[in-house]
There are 2 protein chains.
Amino acid sequence: MPDSHPNPPRFREIADALRREIHSGVLASGDRIPSEYQLVTRFSTTRSTVRKAVALLRAEGLVVSHQGKGAFVRTRPRVRLLSAGSRHRQHRDSGAPNYNAEVEAQGRHAAQQLREVAEVAAPDEIAARLEIAPGTPVIVRRRRFTVDDEPMQLADGYYTTAIALGTPIAEPRRVKGGVHAVLEDPQGPIRRRVARFVEDLDIRMPTPAESELLAVPPGVPVARILRTAYDTDGAALEVLDSLVPCDRHIFRYVIDVPACS
Amino acid sequence: MPDSHPNPPRFREIADALRREIHSGVLASGDRIPSEYQLVTRFSTTRSTVRKAVALLRAEGLVVSHQGKGAFVRTRPRVRLLSAGSRHRQHRDSGAPNYNAEVEAQGRHAAQQLREVAEVAAPDEIAARLEIAPGTPVIVRRRRFTVDDEPMQLADGYYTTAIALGTPIAEPRRVKGGVHAVLEDPQGPIRRRVARFVEDLDIRMPTPAESELLAVPPGVPVARILRTAYDTDGAALEVLDSLVPCDRHIFRYVIDVPACS
DNA sequence: GAGTGGTCTAGACCACCAC
DNA sequence: TGGTGGTCTAGACCACTCT
């Protein structure tokens, strides 16, 4: 006797019921949700229907499932990513200013790997921001940040050859004091002051390749951040192209309003 | 003769093939992708398998499907949301500084509706930022922003009664010149200067209720932004709680680095 | 080996759309 | 009316995990 599917469809009702239990705390972070067969009997339906309900929750980032073990309510330990001009110099000893310091301040262990230093043709978006022609050779430093051994961020720094060649920035090893220290070193060859950052955030779902690199479960968006650093004359010094999983971060921006109109 | 499913599963291969066609331009923005039955014959599989492949693309935000019509490659017309302290005063005549001005500058029509002005008990997150006890009565102004009649943002502004009562902020109508003008009006009762904003972005998948309010298709993340405005003494003046669909916006932050260390 | 989630087939009915 | 996507059932085999 198929009384058919009224509004809302069955799988949605099941997902709603589970979502309520998660938000109300009946199912806490890390708990295993009932197995598919348990849900089949509880809601008296078939397995594909409960699977569709669980898939919805997975797409919302509320649960993760592991073959052979079960489906679990996600935990979201998060790191705050802070962008604040006024604190930039205090923390610039890491390659990505603020990042390491922020993480350590939250009692966790931050690390970064230098994946590659190379000379490449500038991609369009990078070239536009560095104010050079697309395809011009540029230096790229590709890094990967981890927190407690979990991948947290991919960050590629781009520099014009005019700035980077002949400096530690173009060398395939870590830069003592960080790249910004080299840019600003009053005794160094560059001697420019970072006066402004412009950050563009594009938030979307990851491609399969990206979700593998960052080990993000399905249903978790990523932020693609293009941060351009300018000197006091308004010339672009660096473009940082980074990719961060949104479930592992909270973004915080501090914006000071000048007194003059 | 079931030769079973090798690595990668069938539905993933199908999704990959379609994704390549979308990214390579074979299927352009707005194009209809092949119907499910066409895909069934093309990949010689069953309908549920191709449906699962299309569901993946939908979850990635690459396609939207309409019952009875087909599935289409998504178009993403976007508005830039700019947060820059230095331009704040130039644009503050709208309720949400910068927003209207930014949109109009991009040649589109921005509008806002005042959904409600009410006195409510302060939610925890709001209370913490306003530096008052949770549950204390506060004034909330709930607004909805549209661009070319499409919902683009929900923005609820919270104010302490100490600040708002007896001012236009607590009145259920639009505030001439915007709320910030009232806060800063040198002839008005408040006379505080907005000196700093702190924005916290939490990016996640929407709840079903939220996706309905904002008319976001599945597979599109939302940003929940809590922006606190502080005066020159560091006292909180306003907390703006907003929700924006990420596929309709690009976020831009301009951060000025002070000269002194 | 029992239990779990992952994938797939085969077929059905429904709701919506365009002709 | 025929085509489209949306939902559901019933049953199968696989891969993984735990005991």
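Protein chains get the first letters and strands the later ones, always in sequence-line order, with residue 1 at the start of each.
Nucleic acid contact class of A/R12 (heavy atoms, under 4.0 Å, all strands): none.
The line from CD1 of B/I33 to CD of B/E21 is 9.5 Å long, rounded to the nearest 0.5 Å.
Judged by distance alone, with hydrogens and angles left aside, the side-chain atoms of A/T41 form a donor-acceptor pair with the main-chain N or O of A/Q38 at under 3.5 Å.
The local environment of CZ in A/R142 is crowded, with over 12 non-hydrogen atoms from other residues, nucleotides or ligands closer than 6.0 Å.
Distances shown here put a side-chain N or O of B/R51 below 4.0 Å from the OP1 or OP2 atom of D/dG6. Residue B/T46 has no polar side-chain atom (N or O) positioned under 4.0 Å from OP1 or OP2 of C/dA10. Of the side-chain N and O atoms in B/T45, none sit less than 4.0 angstrom from OP1 or OP2 of C/dC8.
If you take CG of B/L39 and P of C/dC8, they are 14 Å apart, rounded to a whole angstrom. Rounded to whole Å, atom P of D/dC14 lies 18 Å from atom CZ of B/F11. In this structure, CD1 of B/I33 is placed 11 Å from C1' of D/dG5, rounded to the nearest angstrom. Separating the CZ atom of A/R32 from the P atom of D/dC16 is a distance of 19 Å, rounded to the nearest angstrom. Note: CD (B/E36) to P (D/dG3) measures 15 Å, nearest angstrom. In this entry the distance linking CZ of A/R58 with C1' of C/dT7 reads 12 Å, nearest Å.
Across C/dG6, C/dC8, C/dT4, the shortest atom-to-atom separation from the side chain of B/P9 is found for C/dC8.
Residues A/V63 and A/L27 fail the side-chain proximity criterion, which asks for heavy atoms closer than 4.5 Å.
Ranked by how close their nearest DNA chain D nucleotide is to the 5' end, A/S48 and B/Y37 are led by B/Y37. Projected onto DNA chain C by closest heavy-atom contact, B/K52 and B/R47 fall at different nucleotides, the more 5' of which corresponds to B/K52.
Here A/D241 pairs with A/R224 in a salt bridge; the nearest charged N to carboxylate O distance falls below 4.0 Å.
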B/S65/B/R58 under side chain to side chain donor-acceptor pair (under 3.5 Å): CA gap, chis, key distance, verdict: CA-CA 8 Å; B/S65 26; B/R58 217 170 20 234; 2.7 Å; yes

List the steps and the verdict of side-chain contact (heavy atoms from CB on, under 4.5 Å) for B/Q112 and B/R174. CA-CA 10 Å; B/Q112 53 171 299; B/R174 294 205 35 184; 3.9 Å; yes

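DNA chain D lies under 4.0 Å from at least one heavy atom of each of the following residues of residues 59-71 of chain A: A/Q67, A/G68, A/K69.
Of the nucleotides present, none pairs with C/dC19 by Watson-Crick or G-U wobble criteria with both distances under 3.5 Å.
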